[in-house]
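The following block contains the structure, expressed as structure tokens.
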2 protein chains.
Amino acid sequence: MRGHDGHAHDEYGYNEYGYDKYAYEPFAVTVDLAVLTLRAGALHVLLVERGQEPYAGRWALPGGFVLPDESAETAARRELAEETGLKDVSGLHLEQLRTYSEPGRDPRMRVVSVAFAALLPDAPEPTGGGDALQARWQPYGDVGPLAFDHDRILADAHDRVGAKFEYTCLATAFCPPEFTLGELQQVYETVWGTGLDRPNFRRKVLATPGFVEPVPGGARLTGGRGKPAALYRAGAATALHPPLLRPPREGRSA
Amino acid sequence: MRGHDGHAHDEYGYNEYGYDKYAYEPFAVTVDLAVLTLRAGALHVLLVERGQEPYAGRWALPGGFVLPDESAETAARRELAEETGLKDVSGLHLEQLRTYSEPGRDPRMRVVSVAFAALLPDAPEPTGGGDALQARWQPYGDVGPLAFDHDRILADAHDRVGAKFEYTCLATAFCPPEFTLGELQQVYETVWGTGLDRPNFRRKVLATPGFVEPVPGGARLTGGRGKPAALYRAGAATALHPPLLRPPREGRSA
DNA sequence: CTTTTTATAGTCGTAGTGACTATTAAAAGG
DNA sequence: CCTTTTAATAGTCACTACGACTATAAAAAG
């Protein structure tokens with residue numbers, strides 16, 4: 001570009017970088033999904049095994065191309081439905097993380113990928129896998145080196161979700177429609193990797209209007225081993241004011 | 001796609017959506033920049049006037065194409081340097097906001113735009129404008145309807161910056177290398193649109209280790225009308241724990 | 001020399017929270 | 001059946017952080 005004037009004259013100036021003539025290399029645009037869920041008190045990620053080079057045999061985040069008539073969000077939700085096999089993904093929390101566009105991130109060509117994080121309450125086993133290549137849940141932390149820059153995307157997803165837990169009500173997205181405060185606390189503890197004091201957590205959650213609301217009648221009895229816990233639903237609030245800060249990491253400079 | 005299996009087999013399967021054959025419409029990838037600064041105690045945005053259809057004569061956020069060998073971040077920094085005329089933009093805060101990919105956002109073709117927010121300490125007048133088309137600072141809030149979906153991008157940038165002010169030290173990015181606490185407070189007040197109690201703000205900032213550090217010797221004398229204020233530099237900290245929450249908006253349901 | 005202006009210091013009450021202890025209500029084990 | 005175990009719930013206490021304020025200091029403006 002010829003500096004500011006050239007740009008101002010020709011913003012989206014296809015004469016200069018003419019799209020029709022393919023005067024510059026066009027981009028493939030994909031979405032990559034970090035689909036997170038909790039199974040048996042541990043954070044799990046949905047991964048697919050690649051069947052082609054590059055990274056054949058390596059695990060990768062699910063994803064795919066953005067089709068001509070789709071937005072990235074639409075493509076992400078379509079992929080989410082395909083990969084999880086869920087009938088209805090309209091209520092699931094899907095959050096755009098950021099876009100990864102390093103020139104060398106796909107060795108074959110220029111691929112710009114819009115990354116999303118998706119949060120699932122329950123974890124149905126992915127329905128695919130009639131052939132050799134599989135899709136399955138893997139515990140976060142046990143994931144080896146993933147294909148492309150998916151390790152980084154996954155780490156960014158975890159960071160973002162953990163940070164949003166502090167000042168939003170996002171944690172309920174990991175919970176089924178009705179849940180106990182103990183379950184909600186486990187969500188926090190699993191994602192943050194820290195323990196939380198139960199009475200204090202309870203006090204905080206209940207003191208935040210709209211975070212959770214008690215289900216009209218019941219308390220859960222059969223399953224639990226201790227005193228039955230009251231059931232709650234996610235409330236209407238989305239923000240957490242004041243926030244629920246995670247305990248600060250140890251080891252600060254004196 | 002044929003569901004999960006088809007995808008797992010063919011992630012980035014260029015046989016299915018073959019890039020080489022242009023079997024699907026490729027995308028143009030651009031960056032759009034919300035360049036923010038403070039002039040005379042008001043938030044300003046860098047805008048350029050469009051010279052071509054669509055939206056000819058309308059103001060728009062600066063931006064441009066991502067070149068074949070660039071990442072979106074590199075392209076954004078290059079555009080930032082071009083638009084502002086600054087020699088060195090390496091130290092400026094540049095933050096990726098999100099990617100806008102609605103199919104109809106550019107009437108001519110499929111354009112996916114990665115949006116960034118940039119924060120400038122001082123506001124040099126943009127150096128362009130030898131021709132009819134201009135680039136200039138406009139007060140945030142006075143911006144009329146912008147081209148494309150740039151109103152939304154700008155609003156998203158403002159939201160993001162305001163939110164990050166609560167739990168990061170980002171506000172110093174609007175300040176010159178040495179600044180007073182009064183100036184820093186004005187940055188907060190301008191971006192948030194609220195007044196803050198001066199002694200309390202001072203107490204909070206100074207109590208957060210690494211937010212600001214006093215400049216070795218001096219206090220500012222000549223300019224100010226009252227007691228000279230001590231000068232500070234931005235510290236090494238990036239996060240704010242506990243956060244500096246903005247005063248809650250009035251009007252909550254009883 | 002007084003007034004104005006702004007920076008800085010300090011006070012007081014309270015909301016929020018970390019660290020606890022105590023009680024309750026179920027299942028599990030003998 | 002009674003005891004132990006487990007987990008939910010209730011409550012206490014001290015301390016921190018913060019909102020609202022008053023007081024003092026040091027400069028320019030009049």
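Reminder, nothing fancy here: chain letters follow the sequence lines and each chain counts from 1.
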* To do: Without swapping roles, check the side chain of B/Gln96 against the backbone of A/Thr99 for a donor-acceptor pair under 3.5 Å.
  => yes
* Asked: Are the side chain of B/Gln185 and the backbone N or O of B/Leu196 linked by a donor-acceptor pair below 3.5 Å?
  -> yes
* So B/His150 and B/Phe148, would you call those rings parallel, tilted or perpendicular, with 30° and 60° as cut-offs? -> tilted
* Asked: Are A/Arg77 and A/Glu73 ion-paired here, with the side-chain N under 4.0 Å from a carboxylate O?
  -> no
* Asked: Can you check the A/Phe201 CZ to D/dA7 C1' distance for me, whole Å?
  -> 15 Å
* **Atom pair distance, as rounded to whole Å: CD in B/Glu189 and C1' in C/dT6** => 13 Å
* Of the listed nucleotides D/dA17, D/dA28, C/dG16, the one nearest the side chain of A/Pro242 -> C/dG16
* Over how many whole Å does the gap from A/His241 atom NE2 to D/dC18 atom P extend? -> 14 Å
* Asked: Distance check: side-chain N/O of B/Lys204 vs OP1/OP2 of D/dA17, anything under 4.0 Å?
  -> no
* **Value in whole Å for how far the P atom of D/dG19 lies from CD of B/Gln185** => 12 Å
Please tabulate, for side-chain N and O atoms in residues 33-40 of chain B, each donor-acceptor pair with protein atoms closer than 3.5 Å (sequence neighbours left out).
from	atom 1	to	atom 2	distance (Å)
B/Thr37	OG1	B/Leu120	O	3.0
B/Arg39	NH1	B/Glu125	OE1	3.3
B/Arg39	NH2	B/Glu125	OE1	3.1

* Structure fact -> Between CG of B/Leu245 and P of D/dG19 the distance, given in whole Å, is 8 Å
List, with names and distances, any nitrogen or oxygen atoms from the protein found under 3.5 Å away from nitrogen or oxygen atoms belonging to nucleotides 8-14 of chain C.
from	atom 1	to	atom 2	distance (Å)
C/dT8	OP1	B/Ala230	N	2.8
C/dT8	OP2	B/Arg202	NH1	2.7
C/dT8	O5'	B/Arg202	NH1	3.4
C/dT8	O5'	B/Arg202	NH2	3.0
C/dA9	OP2	B/Arg202	NH2	3.3

* **Check: B/Tyr100/B/Asp32 side-chain N/O donor and acceptor closer than 3.5 Å** => no
